[in-house]
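Below, chain A is the first sequence line, B the second, and so on; all start at residue 1.
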Amino acid sequence: MLDRRLVREEPEKIRQALEKRGYEFDLDTLIATEAQRRELLTAVESRRAEKNELSEQIGDTMRAGGDAAALKEHSTQIGAELEELEQELGQVEERFEQMMLDLPNIPLDEVPVGESEQDNVVMYEVGELPKFDFTPRPHWEIGEQLGILDFEGAARMAGARFVTDVGAAATLERALINFMLDTHTRKHGYTEVFPPYLANERSLFGTANLPKFEDDLFKTTDGYYLIPTAEVPLTNMHQDEILDADRLPIYYAAYTACFRREAGAAGKDTRGMVRVHQFHKVELMKFVRPGQGSAELEKLVKDAEVILQALELPYRRTQLCTGDMGFQPQQTFDLDVYCPGMDRWLEISSCSQYGDFQARRCNTRYRPQPPAKPEFAHTMNGSGVATGRTLLAILENYQQESGTVVIPEVLRPYMGGMAEILPQMP
RNA sequence: GGAGAGGUGGCCGAGCGGCUGAAGGCGGUCGCCUGCUAAGCGACUAUGGGGGUAUAAGCCUCCAUCGAGGGUUCGAAUCCCUCCCUCUCCGCCA
């Protein structure tokens, strides 16, 4: 959520941001509502002051043994007027609040302006695209033939858009989790976190998944939501807290399952494990001070890249344009891994900074200097990286003509020394 | 799931229906004291919002907030109801 003061003080900034994003929004109504809210607030408050003053007089009179009946009557009368005004204010406030929740974050100036994915900027590519003497196959073929990815079984036990890792694939994904967490905690200074997979409504408002993106989420009958990403629990770890300044920056790394309904993705990526309802990733998340955002995000992206480099997977880094960026970020960098079997670049990490957009919703602040007022912390996060898609990328990049898959060097210690995945019959 | 206790400022902890935005302590900031350090002394120290004033920092003023929401009352941290959370004991369980 944006600072409501911006609406009054710098509406042009918001207007430009909306334009750059190509985002439909009735800003003029918002501005008018804000003005109306302020007007009503002033009226309500002066009435309330009057009433408080009267109450005090009543108290004084009664303590002095006098008769306060007339004063009480007057107070009751003001109370009635007050109630009406308050109701009106409540409605306006509610409308204003709803509109504010609908307002996307303001992109940083350096974000390239564009309309769609087509306008994203590829910053660099790392690693050689693999060459094959045979036609490389997509991961679902490799996985099914080796007997390590079970799509049919998953469909029977759960439904479409699920996958079950079996045997070496299960071990491989576990190895990836451990390798990524170890790297981030031991080499990059992140604190490992293992959070709940369910979160309450407020937390999803905190990360701005609600109210706009309810359709993407699974909700339980108890009113909990399955987390669509570890960003949700991590960003909400310090709800309503005022952090000591010397705690910042805070680095968290968490492995979690992620659950998404993919309601708007019908017919898209239906084959394989590119887009499934439950996937897994290691997430990196930071709380930083204002001003540290860009430098810390850069480090975060590099931390994620280290994983892909160690796995020797070819990847590229892109900067999303204003039109393709999500609702919450000020700036987003994607890492796409090349998948020769599908012959496409596949997003494997998306790293964004949010400024105080999320922290304002979560009410996570810090105190710059002890006497100074608390300020909102700034947040950012990115995958470091998605394990399911990494597994898929390994299958496609490390496939052999015989149908086996070689295990990347760095993962072998995590797999009991296994160097190659051979066909399995469970 | 059953029984009980409790949720107050950065933290701990008082609090009679009006004089309590809240005693006291800790912590913090500034000043004094001091050969240095420590101790001591004094002042200040919640958050959000509205209005006014100022070139700004700021200053003045009002409103709200004592887990959340409702109610009683002229007036609620204080009384009543609902919900949430924490703790203790019992039960159940990985």
Side-chain angles (χ1 to χ4, degrees), chain A residues 1-10 30-97 99-101 194-206 210 220-225 233 236-248 250 257 287 289 356-357 359-377:
Chain A
M1 185 155 58
L2 293 176
D3 188 344
R4 54 171 60 188
R5 266 174 304 193
L6 272 184
V7 176
R8 186 163 21 136
E9 289 166 13
E10 297 178 87
L30 180 70
I31 292 168
T33 308
E34 202 280 335
Q36 198 186 354
R37 182 190 75 89
R38 223 157 359 112
E39 207 172 293
L40 277 168
L41 186 61
T42 308
V44 164
E45 286 190 348
S46 61
R47 286 269 107 164
R48 207 138 42 192
E50 240 179 285
K51 192 157 186 267
N52 287 345
E53 171 66 28
L54 270 174
S55 287
E56 214 168 298
Q57 282 177 30
I58 292 168
D60 291 343
T61 308
M62 289 175 74
R63 237 171 291 116
D67 177 17
L71 288 171
K72 279 191 190 181
E73 200 181 319
H74 190 188
S75 175
T76 307
Q77 186 192 325
I78 290 179
E81 292 173 34
L82 187 56
E83 204 168 329
E84 250 176 75
L85 280 170
E86 275 176 337
Q87 224 161 38
E88 207 178 329
L89 176 65
Q91 284 165 8
V92 171
E93 182 83 47
E94 171 73 17
R95 237 183 300 144
F96 179 69
E97 197 65 28
M99 292 184 83
M100 283 305 286
L101 287 172
F194 196 24
Y197 288 5
L198 295 179
N200 58 28
E201 196 172 49
R202 162 141 193 230
S203 295
L204 284 128
F205 268 97
L210 289 176
T220 75
T221 50
D222 298 313
Y224 293 109
Y225 290 86
N236 283 286
M237 288 231 325
H238 300 294
Q239 266 183 17
D240 294 329
E241 276 188 55
I242 298 177
L243 301 163
D244 287 334
D246 53 20
R247 283 186 70 183
L248 299 178
I250 295 174
F287 292 94
R289 301 185 202 205
D356 62 10
F357 196 77
R360 176 170 291 108
R361 291 172 170 230
C362 296
N363 194 26
T364 299
R365 294 172 295 174
Y366 78 102
R367 198 181 293 279
Q369 298 291 323
K373 298 222 171 198
E375 282 182 46
F376 289 112

*For nucleotides B:U53 and B:U86, find the distance between their P atoms and express it as a whole number of Å.*
49 Å

*Considering only atom P, compute the distance from B:C26 to B:G40 and round it to an integer number of Å.*
9 Å

*B:U8 to B:G67 separation - C1' atoms, rounded to the nearest Å*: 10 Å

_Base paired to B:G42 (Watson-Crick or G-U; both N/O distances under 3.5 angstrom)_ = B:C30

*asked:* Can you identify which nucleotide, out of B:C74, B:G49, B:G51, has its nearest atom closest to the A:Arg38 side chain?
replied: B:G51

_Looking at B:A64, I'd like to know if its phosphate oxygens (OP1 or OP2) sit under 4.0 Å from a side-chain N or O belonging to A:Asn52._
yes

*Would you kindly say whether A:Asn52 and A:Ser55 are connected by a side-chain donor-acceptor distance under 3.5 Å?*
no

*Flag the pair A:Glu83 and A:Lys51 as a salt bridge only when some basic side-chain nitrogen lies within less than 4.0 angstrom of an acidic carboxylate oxygen.*
no

*Distance, P atom - from B:A23 to B:A14, rounded to whole angstrom*: 14 Å

*Can you check the A:Met62 CE to B:U73 P distance for me, whole Å?*
14 Å

*Under a 3.5 Å cut-off for both distances, is B:C93 Watson-Crick or wobble paired, and to whom?*
none

*asked:* Does A:Tyr224, at its OH atom, have more than 12 non-hydrogen atoms belonging to other residues, nucleotides or ligands within less than 6.0 Å?
replied: no

*Atom-pair distance (CD on A:Glu73; P on B:G75), nearest Å*: 14 Å

_Tell me whether the count of non-hydrogen atoms from other residues, nucleotides or ligands lying under 6.0 Å of CD in A:Glu39 goes above 12._
no

_Can you work out whether A:Glu56 or A:Pro374 has the more 5'-proximal nearest nucleotide on RNA chain B?_
A:Glu56

*asked:* Please report the distance, rounded to the nearest Å, between CD in A:Glu45 and C1' in B:U61.
replied: 11 Å

_P spacing across the pair B:G49 / B:U55, given as an integer number of angstrom_ = 24 Å

*Which value, in whole Å, describes the distance between the C1' atoms of nucleotides B:G4 and B:A94?*
27 Å

*Kindly say whether A:Thr42 contributes a backbone atom to a donor-acceptor pair with the side chain of A:Ser46 at under 3.5 angstrom?*
yes

*For B:C60 versus B:G71, give the span between their P atoms, rounded off to a whole number of Å.*
36 Å

*Nearest to the side chain of A:Arg367 - B:C63, B:U47, B:C74?*
B:U47

_Residue A:Ser55, side-chain atoms from C-beta onward, closest of B:C62, B:A64, B:G75_ = B:G75

*Base partner of B:A64, which must satisfy Watson-Crick or wobble distances under 3.5 Å*: B:U47

*What is the distance from NZ of A:Lys51 to C1' of B:U73, rounded to the nearest Å?*
9 Å

*Among B:G10, B:G50, B:C63, which is the nearest nucleotide to the side chain of A:Leu41?*
B:G50

*Grab the CD-C1' distance between A:Glu9 and B:G49 for me, whole Å please.*
13 Å

*Given that A:Leu71 and A:Ile242 both sit by RNA chain B, which one's nearest nucleotide is further toward the 5' end?*
A:Ile242

_Strand partner of B:G21, provided both Watson-Crick or wobble distances fall under 3.5 Å_ = none

*B:G75 P sits how many Å from A:Leu82 CG, rounded?*
10 Å

*Under the 3.5 angstrom rule, does the side chain of A:Arg37 hit a backbone N or O of A:Val92 as a donor-acceptor pair?*
no

*For B:G35, which nucleotide is its Watson-Crick or G-U wobble mate, given both distances must be under 3.5 Å?*
none

*For A:Leu85 and B:C62, what is the distance between atoms CG and P respectively, to the nearest whole Å?*
20 Å

_What's the gap between B:C81 and B:A5 when it is taken at their P atoms, as a whole Å value?_
13 Å

*Looking only at side-chain atoms of A:Ile58, point me to the closest of B:C62, B:U47, B:G18.*
B:G18

*Counting heavy atoms from C-beta on, name the nucleotide in B:C74, B:G49, B:G48 closest to the side chain of A:Lys72.*
B:C74

*Just checking A:Arg365: base, sugar-phosphate only, or nothing, at a heavy-atom cut-off of under 4.0 Å?*
sugar-phosphate

*Considering Watson-Crick and G-U wobble pairs with both distances under 3.5 Å, what does B:C59 pair with?*
B:G52

*A:Arg48 vs A:Glu45, salt bridge (Lys or Arg N to Asp or Glu O under 4.0 Å): CA-CA, chis, key distance, verdict*: CA-CA 5 Å; A:Arg48 207 138 42 192; A:Glu45 286 190 348; 5.4 Å; no

*Pairing nucleotide - B:G69, Watson-Crick or G-U, each distance under 3.5 Å*: B:C81

*Taking atom CD of A:Glu97 as the centre, does the number of heavy atoms from other residues, nucleotides or ligands within less than 6.0 Å exceed 12?*
yes

_Rounded to whole Å, how long is the line connecting atom CD of A:Glu34 with atom C1' of B:G49?_
11 Å

_Let's see if you can work this out: which of B:C63, B:G51, B:G48 has an atom nearest to the side-chain heavy atoms of A:Thr42?_
B:G51

*asked:* Suppose we define a pair by two distances each less than 3.5 Å, Watson-Crick or G-U wobble; what does B:G4 pair with here?
replied: B:C87

_Checking contacts here: which listed nucleotide (B:G50, B:U47, B:C74) is nearest the side-chain heavy atoms of A:Arg8?_
B:G50

